[in-house]
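The next block holds one structure in the form of structure tokens; read it before the comments.
In what follows, every heavy atom counts, from backbone to side chain, and hydrogens, waters and symmetry copies are set aside.
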Amino acid sequence: MTEKELLYIEDALSHEQYFQTKCNETMKQIQDQELKNSVQEMAQSHNQTFQSFYSLLN
């Protein structure tokens with residue numbers, strides 16, 4: 001991989017971690033269970049995306 005590609009992956013990993021953290025923080029504040037489940041699904045989606053990008057580094 002080129003240096004530019006590695007920087008892109010690093011950036012993407014940071015963004016996915018940030019989004020996952022924000023989803024988890026938001027989940028703690030939501031009382032509506034249906035909405036909470038939706039945010040939890042978003043957090044899981046960001047985690048899966050993070051794992052996909054991370055696997056490119058191995």
Side-chain angles (χ1 to χ4, degrees):
M1 274 190 208
T2 67
E3 185 176 338
K4 188 174 184 176
E5 290 169 327
L6 289 173
L7 288 172
Y8 173 79
I9 292 171
E10 183 181 313
D11 227 21
L13 287 170
S14 294
H15 285 100
E16 291 304 323
Q17 279 183 317
Y18 173 79
F19 293 138
Q20 186 178 1
T21 299
K22 287 299 172 185
C23 285
N24 288 330
E25 289 173 1
T26 302
M27 251 188 336
K28 293 175 186 175
Q29 299 173 8
I30 297 174
Q31 295 189 7
D32 180 270
Q33 193 58 46
E34 188 174 337
L35 185 55
K36 196 175 219 175
N37 290 343
S38 293
V39 174
Q40 184 176 23
E41 288 176 17
M42 284 191 286
Q44 290 171 345
S45 175
H46 287 296
N47 184 47
Q48 289 172 344
T49 304
F50 176 90
Q51 295 301 326
S52 295
F53 279 117
Y54 189 77
S55 70
L56 294 173
L57 300 175
N58 291 329

To the nearest 0.5 Å, how far apart are CE in Met1 and CG in Leu6? 6.0 Å
Under the side chain to side chain donor-acceptor pair (under 3.5 Å) rule, collect the residues that match up with Thr2, sequence neighbours excluded. Glu5
Under 3.5 Å, is there a donor-acceptor pair between the side chain of Asp11 and the main chain of Leu7? no
Find the distance between CD (Gln17) and OG1 (Thr49) and round it off to the nearest 0.5 Å. 12.5 Å
Measuring from Leu13:CG to Ser52:OG, what's the distance to the nearest 0.5 Å? 10.0 Å
Where Gln20 and Ala43 come nearest, the two heavy atoms and their spacing: CG-O, 3.9 Å
Tell me, yes or no, whether the heavy-atom count around Gln33 atom CD, taken from other residues, nucleotides or ligands under 6.0 Å, exceeds 12. yes
What pairs meet the ring pair (Phe, Tyr, Trp, His ring centres under 6.0 Å) rule with one or both residues in residues 1-29, with sequence neighbours excluded? Phe19-His46
As an exercise, state the distance from CG of Asn37 to CD of Gln44, rounded to the nearest 0.5 Å. 9.5 Å
Going by the rule side chain to side chain donor-acceptor pair (under 3.5 Å), which residues pair with Glu41 if we only count those two or more places apart in sequence or in a different chain? none
Rounded distance [0.5 Å steps], CD in Gln40 versus CG in Asn24: 8.5 Å
Rounded to the nearest 0.5 Å, what's the gap from CE on Met42 to CE on Met27? Could you check? 9.5 Å
